[in-house]
Amino acid sequence: MNVKSYIQNAIQTTLKEILPEQNQGFDIDLTAPKQKDHGDLATNIALVLGSQSGRNPRQLASEIVNGMDLDPELVARVDIAGPGFINFTFSDSILYEGLKEIVLQQEAYGTADWGGNKKTQIEFVSANPTGPLTIGHGRQAVLGDTVARLLEATGHDVTREYYFNDAGRQMRVLADSVRLRYLEQLGMSVEFPDDYYQGDYIRDIARELAQRKGASLQDEAFKDDACFRESAEKAIFDDIRSTLERMGIHFDVYYNEKSLYETGKIDAVIKELRKRGLAYDQDGAVWLKATDLGLDQDRVIVKSTGEPTYRLPDLAYHRDKIDRGFDIIIDIFGADHIATYPDVLAGMRALGYDDSRVRVLIHQFVTLTEGREKIKMSTRKANFVTLDELMDEVGVDVTRYFFLNRSASAHLNFDLTLAKTQSDENPVYYIQYAHARICSILRHAEEQGYDTDLVGDPTLLTSEEELELIKILLDFPRVVSSAAEHLEPHRLPTYLENVATTYHRFQHAGKVDETLRVVSSNRETTQARLDLCRATRIVLANGLDILGISRPERM
RNA sequence: GCCCCAGUAGCUCAGUGGAUAGAGCAGCGGUUUCCUAAACCGUUGGUCGCAGGUUCAACUCCUGCCUGGGGUACCA
């Protein structure tokens with residue numbers, strides 16, 4: 001099954017004979033070369049050891065090659081190339097066995113169980129209910145959800161959680177923004193401050209309130225009535241939830257920061273920190289002694305006004321995550337929160353918790369442009385493009401793909417004009433089209449009387465296009481696992497584009513050369529090629545599922 | 001000032017210390033009586049921000065600098 005470790009062992013054994021003076025184990029790097037005429041796996045071991053021991057790398061390489069006794073059923077060729085690389089080329093029988101395996105495993109192909117069913121919590125979006133989700137939130141939403149899907153595919157027990165705060169200054173301003181718009185609805189003239197929420201959605205909420213409550217709230221006595229805040233929060237949260245559902249994102253838990261106060265978990269943290277001598281009072285505020293925890297300055301956790309800063313509830317929340325029994329805790333933050341997590345981690349260590357369970361994934365911001373014009377996004381100033389507007393324009397699949405196709409650590413340049421005008425050129429269609437094309441060919445084959453569930457003889461697949469396709473399909477499990485392990489979803493779209501290209505090339509070969517057509521007059525090769533089509537469909541379908549993107553059977 | 005991220009083709013971006021740095025889009029030129037032309041093939045396009053260093057080997061690691069973004073609050 002695992003040719004790689006087989007080869008690794010063979011090299012190891014041979015090296016012990018050739019270089020007995022180095023009796024410790026060798027660290028053998030064995031990776032797939034970029035260029036296909038360099039074989040399927042290559043090692044630089046002769047270069048590394050050659051320079052260490054002062055020997056000629058090419059000569060050392062040839063000693064290693066001559067000393068190895070590899071099964072020709074597994075490895076067809078071994079070459080020495082360039083300055084001393086050793087290139088291994090697999091025998092085709094490995095590919096044929098692998099292909100059968102894909103067709104047998106179906107939906108399970110690519111999944112893994114190394115997650116060990118570990119309880120994994122992933123927190124993301126976590127936008128406070130002050131306005132609709134924007135393109136800025138979209139990146140985090142899609143990133144978090146896809147990391148969750150990757151972890152599920154690799155055997156983790158995942159909980160998606162949305163943390164929010166519906167108290168504090170932000171919400172008071174929001175409530176008062178609604179109140180002023182409400183008064184406007186009643187025909188009163190009001191002065192609407194610049195730093196209040198300018199968005200039209202506030203007017204909508206106010207209009208609805210005016211219809212429901214009439215003029216009953218117009219008196220100054222109702223200035224701080226909870227009604228304004230509550231109606232705003234409900235309307236905005238309903239909107240956020242429906243946007244998320246539309247994107248295929250479902251949260252298991254919505255966690256209200258307020259509950260940390262109500263259950264006494266905030267006080268408990270302060271008490272515990274004081275007990276450990278890691279919190280102290282100064283200038284009327286409570287400080288976390290972060291300098292004792294390896295950070296460069298102490299931080300205020302309770303302001304002199306008596307209000308906690310964000311660090312305290314964050315700390316209590318993370319403590320709660322561990323207390324709820326999560327083995328792995330993943331936080332997805334935007335770049336603006338980059339400074340907060342060292343404090344949280346330090347606080348957790350201070351409380352005696354193991355902070356290595358926490359993994360933080362930081363993504364850079366989305367810069368929105370319209371043509372050359374840069375748009376500065378702000379919820380307060382109503383200067384934003386909502387996710388719903390984007391999805392109206394380009395659809396869910398393009399939206400998800402757009403955010404996923406780039407590494408989280410890179411800035412994302414979102415050109416609105418380009419997104420609209422080039423939506424048909426988006427690579428997501430390229431991948432989906434490959435899937436649809438396969439479905440079409442399988443339908444066609446069934447009409448010709450082929451049983452598409454029958455497993456044919458894979459050894460009939462010998463063209464370059466066919467072998468290339470099998471090889472790339474066999475990479476799929478490794479790509480899924482490494483994307484999950486590194487929390488890097490963008491590896492998957494990149495891979496799937498390559499699969500689609502390789503498939504299109506394979507099918508196109510039949511247009512040029514009649515004997516390479518999938519459904520041909522030869523029933524045996526047709527059956528084998530249909531298996532290859534099915535295997536490709538399985539990889540594309542499983543990959544698109546992990547990305548949360550639809551896989552159309554017709555386009 | 002200090003800290004984090006980024007800088008790769010005209011544009012948007014991939015790239016595991018390795019061999020001749022890739023893709024999509026845009027440009028140019030081809031391919032269809034056919035299982036989907038939403039495809040395929042060819043071609044144009046590069047000082048991998050700049051300068052040093054480590055290494056047999058650097059887009060990749062280290063140092064400094066430049067540019068852009070973010071942080072450095074008793075804001076979140």
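These figures come from a predicted structure and were not determined experimentally. Protein chains get the first letters and strands the later ones, always in sequence-line order, with residue 1 at the start of each.
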A.B. asks: At under 4.0 Å between heavy atoms, what does A:Asn87 touch on the DNA or RNA strands: base, sugar-phosphate, or nothing?
C.D. replies: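 Answer is base: heavy atoms of A:Asn87 come under 4.0 Å of a base.
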A.B. asks: Please tell me which of A:Gln35 and A:Phe506 maps to the more 5' nucleotide of RNA chain B, matching each residue to the nucleotide holding its nearest heavy atom.
C.D. replies: A:Gln35
A.B. asks: Whether A:Arg478 and A:Glu485 form a salt bridge (side-chain N of Lys/Arg under 4.0 Å from carboxylate O of Asp/Glu) is what I want to check.
C.D. replies: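 A salt bridge is absent here (no side-chain N lies under 4.0 Å from a carboxylate O).
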A.B. asks: In plain terms, say whether A:Lys289 and A:Asp298 are close enough for a salt bridge, that is, a side-chain N and a carboxylate O under 4.0 Å apart.
C.D. replies: no
A.B. asks: Across nucleotides 1-8 of chain B, 5' to 3', mark each nucleotide with B, S or - according to how protein heavy atoms within less than 4.0 Å reach it.
C.D. replies: ---SBS--
A.B. asks: Looking at A:Lys303, does any N or O in its side chain come under 4.0 Å of the phosphate oxygens OP1/OP2 on B:A73?
C.D. replies: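 It does not, given that no N or O in the side chain of A:Lys303 lies less than 4.0 Å from OP1 or OP2 of B:A73.
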A.B. asks: May I ask you to decide whether A:Asp79 forms a salt bridge with A:Arg77, counting only side-chain N to carboxylate O separations under 4.0 Å?
C.D. replies: yes
A.B. asks: Runs of at least three consecutive Watson-Crick or G-U pairs, both distances under 3.5 Å, are what I'm after; which ones involve RNA chain B?
C.D. replies: B:1-7 with B:66-72, B:10-13 with B:22-25, B:27-31 with B:39-43, B:49-53 with B:61-65
A.B. asks: Scan A:His38 against the nucleic acid and name what it touches under 4.0 Å (heavy atoms): base, sugar-phosphate only, or nothing.
C.D. replies: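 Result for A:His38 = base.
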A.B. asks: Classify A:Thr31 by what it touches in the nucleic acid, base, sugar-phosphate, or nothing, heavy-atom distance under 4.0 Å.
C.D. replies: base
A.B. asks: Counting only N and O atoms by type, is there a donor-acceptor contact under 3.5 Å from the side chain of A:Thr146 to the main-chain atoms of A:Leu143?
C.D. replies: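 Here the side-chain-to-backbone pair does not exist.
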A.B. asks: For the side chain of A:Val300, starting at C-beta, report the closest nucleotide among B:C74, B:A39, B:C35.
C.D. replies: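 Selected nucleotide: B:C74.
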A.B. asks: Heavy atoms under 4.0 Å, any strand shown: does A:Gln170 hit a base, just sugar-phosphate, or nothing?
C.D. replies: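 If one applies the 4.0 Å heavy-atom cut-off, A:Gln170 turns out to touch nothing in the nucleic acid.
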A.B. asks: With a 4.0 Å limit, can you tell me whether A:Gln507 has a side-chain N or O closer than that to the phosphate oxygens OP1/OP2 of B:C34?
C.D. replies: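 No, outside the criterion.
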A.B. asks: Is A:Val302 touching bases, backbone alone, or none of the nucleic acid, heavy atoms closer than 4.0 Å?
C.D. replies: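 Counting heavy atoms under 4.0 Å across all strands, no contact is made by A:Val302.
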A.B. asks: Does a side-chain N-to-carboxylate-O contact under 4.0 Å join A:Arg443 and A:Glu446?
C.D. replies: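 Result for this pair is no, no salt bridge flagged.
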A.B. asks: Measure OH/A:Tyr401 against P/B:C13 and give the value in whole Å, please.
C.D. replies: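 Checked: the OH to P distance equals 14 Å.
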A.B. asks: Counting any heavy atom closer than 4.0 Å, what does A:Asp314 reach on the DNA or RNA strands: base, sugar-phosphate only, or nothing?
C.D. replies: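 Touches nothing.
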A.B. asks: Are A:Lys321 and A:Glu123 ion-paired here, with the side-chain N under 4.0 Å from a carboxylate O?
C.D. replies: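 Yes, this pair counts.
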A.B. asks: When we call it a touch if two heavy atoms are under 4.0 Å apart, what does A:Gly510 touch: a base, just sugar-phosphate, or nothing?
C.D. replies: base
A.B. asks: When we call it a touch if two heavy atoms are under 4.0 Å apart, what does A:Arg554 touch: a base, just sugar-phosphate, or nothing?
C.D. replies: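 Base, at least one base atom sits under 4.0 Å.
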A.B. asks: Got a salt bridge between A:Asp40 and A:Lys471, using NZ or NE/NH1/NH2 to carboxylate O under 4.0 Å?
C.D. replies: yes
A.B. asks: Do the rings of A:Tyr317 and A:Tyr163 sit parallel, tilted or perpendicular, given the 30° and 60° boundaries?
C.D. replies: parallel
A.B. asks: How far, in whole Å, is B:G52 from B:G46 if one measures between their C1' atoms?
C.D. replies: 22 Å
A.B. asks: Is a donor-acceptor pair below 3.5 Å formed from side chain A:Tyr429 to base B:A38, judging by atom type as modelled?
C.D. replies: no
A.B. asks: Say whether, by atom type as modelled, one donor and one acceptor occur between the side chain of A:Ser259 and the main chain of A:Tyr255 under 3.5 angstrom.
C.D. replies: no
A.B. asks: For a quick check of understanding: with a heavy-atom distance under 4.0 Å over all strands, which category does A:Ser304 fall into, base, sugar-phosphate or nothing?
C.D. replies: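 Contact class for A:Ser304: base.
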A.B. asks: At less than 4.0 Å, is any side-chain N or O atom of A:Asn413 found next to OP1 or OP2 of B:U12? Yes or no.
C.D. replies: yes
A.B. asks: Return yes if the base of B:G70 and the side-chain atoms of A:Asp336 contain a donor-acceptor N/O pair under 3.5 Å, otherwise no.
C.D. replies: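 It does not, because no donor-acceptor pair links the side chain of A:Asp336 to the base of B:G70 below 3.5 Å.
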A.B. asks: Does a salt bridge link A:Glu262 with A:Lys258, judged by any charged N lying under 4.0 Å from a carboxylate O?
C.D. replies: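 Looking at A:Glu262 and A:Lys258, the cut-off is not met.
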A.B. asks: Using a 4.0 Å heavy-atom cut-off across all strands, classify A:Leu442 as base, sugar-phosphate, or nothing.
C.D. replies: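 Nothing, no nucleic acid heavy atom in range.
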A.B. asks: With a non-hydrogen cut-off below 4.0 angstrom, is A:Ala81 in contact with a base, only sugar-phosphate, or nothing?
C.D. replies: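 Base: the residue A:Ala81, judged by heavy atoms under 4.0 Å, touches a nucleobase.
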A.B. asks: What's A:Ala445 touching, base or sugar-phosphate or nothing? Going by heavy atoms closer than 4.0 Å.
C.D. replies: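 If one applies the 4.0 Å heavy-atom cut-off, A:Ala445 turns out to touch nothing in the nucleic acid.
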A.B. asks: A:His337 near the nucleic acid: base, sugar-phosphate alone, or nothing, with a heavy-atom cut-off under 4.0 Å?
C.D. replies: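 The residue A:His337 makes base contact.
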A.B. asks: Give A:Ser407 one of three labels, base, sugar-phosphate or nothing, depending on what nucleic acid heavy atoms sit under 4.0 Å from its own.
C.D. replies: sugar-phosphate
